[in-house]
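Keep in mind that what you see is a predicted model, and the values were worked out from it rather than measured.
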Amino acid sequence: MDFEPALRLGVFLGVFAALAFWERLAPARALKLTRRQRWSANLGLALVNTLVVRIVVPGSAIAIAVVAGNEGWGLFNRLQPPAWAAVLASVVLLDLIVYFQHVLFHSVPLLARLHAVHHADPDFDLTTGIRFHPLEILLSALIKLGAVAALGAPVAAVLAFEVLLNATAMFNHANVSLPSWLEPWVRRVLVTPDMHRVHHSVIEAERNSNYGFCLSVWDRLLGTYTRAPRGELDLGLADWRDQKTIATFGGVLRMPFLAAARP
């Protein structure tokens with residue numbers, strides 16, 4: 001508990017720096033806007049989101065895991081499987097819950113307004129992976145707390161999942177591509193940038209696919225997998241092209257309240 005914030009921040013900064021260097025060295029696509037134009041809004045959202053969660057939901061998922069363990073809440077505290085099995089199953093099931101949550105934010109119009117902030121990014125790089133409206137982040141945090149309590153997920157599993165989710169969210173949004181001989185093999189297990197980039201297409205059918213953040217198996221099993229775009233990939237939302245809205249901090253905060261556009 002004491003070292004959790006430092007560990008998460010350290011991993012975040014390390015992964016961010018490594019991916020930013022990779023993007024600079026070998027970008028997969030030319031960007032429409034400069035980093036300076038977009039990063040102020042995207043990083044600003046990330047900072048506000050961190051503060052909102054810490055203030056509004058001060059009990060982290062790890063704190064809930066501790067309470068659940070002490071009180072015997074949740075599936076795994078009732079079943080009491082071996083510790084390694086509870087950790088592994090918790091991480092996998094939490095990833096599946098994130099998949100369903102993602103589908104939900106595309107399917108429910110009110111939630112889709114919030115999620116449009118993420119999809120309206122005209123480019124696709126590691127900061128897209130942390131570009132979410134504060135209200136979406138708050139709802140996501142509440143869903144995660146409920147999932148941890150219901151599963152009775154061990155503390156180690158929750159910490160591992162938190163670190164993994166943050167790292168993979170940046171990785172699968174990075175403006176990079178794995179080597180052509182390696183990418184199909186990695187994609188069998190993990191969501192790669194080339195796989196998730198399709199999800200940010202302006203074409204609705206492509207956008208409503210490849211929902212996974214970490215494990216790629218859910219899209220394959222649940223029929224939402226798209227291997228590649230139909231043609232040249234155009235990113236963003238067709239109804240959101242005004243740079244003053246989609247590429248400024250104030251603009252992205254106002255987006256959900258301006259129109260009923262949905263991803």
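- A donor-acceptor pair shorter than 3.5 Å can be found between the side chains of H200 and H173.
- With sequence neighbours excluded, the residues satisfying salt bridge (Lys or Arg N to Asp or Glu O under 4.0 Å) with E162 are R8, K144.
- Applying the salt bridge (Lys or Arg N to Asp or Glu O under 4.0 Å) test to D194 and every residue at least two apart in sequence or in another chain returns R197.
- Atoms CG and OG1, from L190 and T192 in turn, are 9.0 Å apart once rounded to the nearest 0.5 Å.
- For residues 64-86, there are no side chain to side chain donor-acceptor pair (under 3.5 Å) pairs, not counting sequence neighbours.
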Is there a salt bridge (Lys or Arg N to Asp or Glu O under 4.0 Å) between R38 and D125? Walk through the geometry before answering.
CA-CA 10 Å; R38 292 175 49 257; D125 70 7; 2.9 Å; yes
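- Looking only at atom types and distance, the side chain of H118 has no donor-acceptor partner in the side chain of H102 under 3.5 Å away.
- Through direct or relayed side-chain contacts under 4.5 Å between Ile, Leu, Val, Met, Phe, Trp and Tyr, V191 connects to M195, Y225.
- M170 and L235 sit in two unconnected hydrophobic clusters of ILVMFWY residues. Membership requires side-chain heavy atoms under 4.5 Å apart, directly or through other members.
- Atom CG in L126 sits 11.0 Å away from atom CG in N172 (nearest 0.5 Å).
- With rounding to the nearest 0.5 Å, the separation of CG in N49 from CZ in R54 is 12.5 Å.
- Between atom CG of residue N210 and atom CG of residue D219 there is a gap of 5.0 Å, rounded to the nearest 0.5 Å.
- Using a 3.5 Å distance cut-off with no hydrogens or angles, the side chains of N42 and D121 do pair a donor with an acceptor.
- Distance alone, capped at 3.5 Å, places no donor-acceptor pair between the R131 side chain and the V252 backbone.
- Residue L25 is found in a hydrophobic cluster whose other members, listed by chain and number, are F21; membership requires side-chain heavy atoms under 4.5 Å apart, directly or through intermediates.
- The hydrophobic cluster analysis finds V198 isolated: no Ile, Leu, Val, Met, Phe, Trp or Tyr side chain comes under 4.5 Å of it, directly or through other members.
- In the hydrophobic clustering, where aliphatic and aromatic side chains (Ile, Leu, Val, Met, Phe, Trp, Tyr) are joined below 4.5 Å either directly or transitively, V87 stands alone.
- D234 pairs by the salt bridge (Lys or Arg N to Asp or Glu O under 4.0 Å) definition with K32, R241, not counting sequence neighbours.
- In this structure A65 satisfies the side chain to side chain contact (heavy atoms under 4.5 Å, CB included) test together with V148, V155, V158, sequence neighbours excluded.
- Judged as a ring-ring contact (aromatic ring centres under 6.0 Å, His included), not a single pair has a partner in residues 138-163 (not counting sequence neighbours).
- With values rounded to the nearest 0.5 angstrom, C214 atom SG is found 15.0 Å from Y99 atom OH.
- Under a hydrophobic-cluster definition in which Ile, Leu, Val, Met, Phe, Trp and Tyr are linked whenever side-chain heavy atoms come within less than 4.5 Å, directly or via other members, F12 and W39 are assigned to the same cluster.
- For R187, the salt bridge (Lys or Arg N to Asp or Glu O under 4.0 Å) partners at least two apart in sequence or on another chain are E183.
- No donor-acceptor contact under 3.5 angstrom links the side chains of E206 and H199, judged on distance only.
- We find the CG-CG distance between L96 and L222 to be 7.0 Å, quoted to the nearest 0.5 Å.
- Applying the side chain to side chain donor-acceptor pair (under 3.5 Å) test to residues at least two apart or on different chains, none of the pairs has a partner in residues 11-22.
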